[in-house]
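Have a look at the structure below before the remarks.
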Amino acid sequence: MKNKSTLFLVQAAAIGAIYVVLTVLFAPLSFGEVQIRFSEALTILPFFTPAAIPGLFVGCIIANFLGGAIPVDIIFGSMATLIGAVFTYKLRGNRWLAPLPPIAANTVIVPFVLFYGYGINLPIPLMMLTVGLGEVISCGVLGMIVLTALSRYRNILFGSRSAAVK
């Protein structure tokens, strides 16, 4: 039992750290009304392991903090990532559904943070479109590339109990 909890903790920490590094490394693209957050490609990882859920959530909190986000963004932006991760885990039986929850959660939540938190004076539906397109690129395209690449090594990386790829 101790070995499983250690593996869970290590996986969560590694995923969170990679999320932070990718977000900060590509900071000019990671924030704002037009954003492509490459780290969001990692939101498909709950497909393989539940450890990705806290890893992504904490990673997003830290990345938003280090990126200079305001408190409402740190809270609600990170909640969008958490919601996406939880529902990706719940939909793990079908690989094609894996990127949909983070795309939907961020498309709905982040524009309200941008409008009310940062005072960006653009129509919310327009920001839903721009944030949504960035999420489609990050989660739908890059995330599916990551999912496909990791599927070959899922037993090595995530253990034999990870989801079967359909």
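The first residue in the sequence is number 1, and the count goes up from there.
Hydrophobic clustering of Ile, Leu, Val, Met, Phe, Trp and Tyr side chains at less than 4.5 Å, counting indirect connections, unites Met127 with Phe76. Leu91 and Phe48 are assigned to two separate hydrophobic clusters, defined by single-linkage of ILVMFWY side chains at heavy-atom distances under 4.5 Å. Grouping the Ile, Leu, Val, Met, Phe, Trp and Tyr side chains by contacts below 4.5 angstrom, directly or via other members, places Met79 with Ile61.
Contact detail for Val146 and Ala41: the closest heavy-atom pair is CG2-CB, 4.4 Å. Smallest separation of non-hydrogen atoms from Gly132 and Thr107: CA-OG1, 3.1 Å. Counting all heavy atoms, side chain and backbone alike, Val20 lies closest to Gly59 at CG2-O, 3.3 Å.
Of the possible polar contacts, one joining the Thr88 side chain to the Ala98 backbone as a donor-acceptor pair under 3.5 Å is found. Panel note: side chain Tyr19, backbone Ile62; no donor-acceptor pair is recorded below 3.5 Å. Of the possible polar contacts, none joining the Thr23 side chain to the Ser39 backbone as a donor-acceptor pair under 3.5 Å is found.
No side-chain heavy atom of Ile137 sits less than 4.5 Å from a side-chain heavy atom of Glu40. Ile124 is listed as a side-chain neighbour of Tyr116, based on a closest heavy-atom distance under 4.5 Å. For the pair Leu22/Leu42, a side-chain contact is recorded, criterion being any heavy-atom separation below 4.5 Å from C-beta on. In this structure the side chain of Leu100 never reaches within 4.5 angstrom of the side chain of Phe87, judged on heavy atoms. For the pair Val110 and Gln35, the minimum side-chain heavy-atom distance is below 4.5 Å. Within the 4.5 Å cutoff, no side-chain heavy atoms of Arg37 are placed close to those of Pro102. You'll find the side chain of Thr49 stays beyond 4.5 Å of the side chain of Leu7, heavy atoms only. Tyr89 places none of its side-chain heavy atoms less than 4.5 Å from the side chain of Pro101.
Counted within 6.0 Å of OH on Tyr118, heavy atoms from surrounding residues, nucleotides or ligands total more than 12; the atom is thus considered enclosed. More than 12 non-hydrogen atoms from other residues, nucleotides or ligands lie less than 6.0 angstrom from CZ of Phe57.
One distance of note links CD1 of Ile103 with CG of Leu133; it measures 10.0 Å at 0.5 Å rounding. Here CD1 of Ile75 is found 12.0 Å from SG of Cys60. Values are rounded to the nearest 0.5 Å. To the nearest 0.5 angstrom, Ser138 atom OG is 9.0 Å from Asn106 atom CG.
Partner Thr81 forms a side chain to side chain contact (heavy atoms under 4.5 Å, CB included) with one of Val86, Leu56, Asn64, Ile53 and no other, that one being Leu56.
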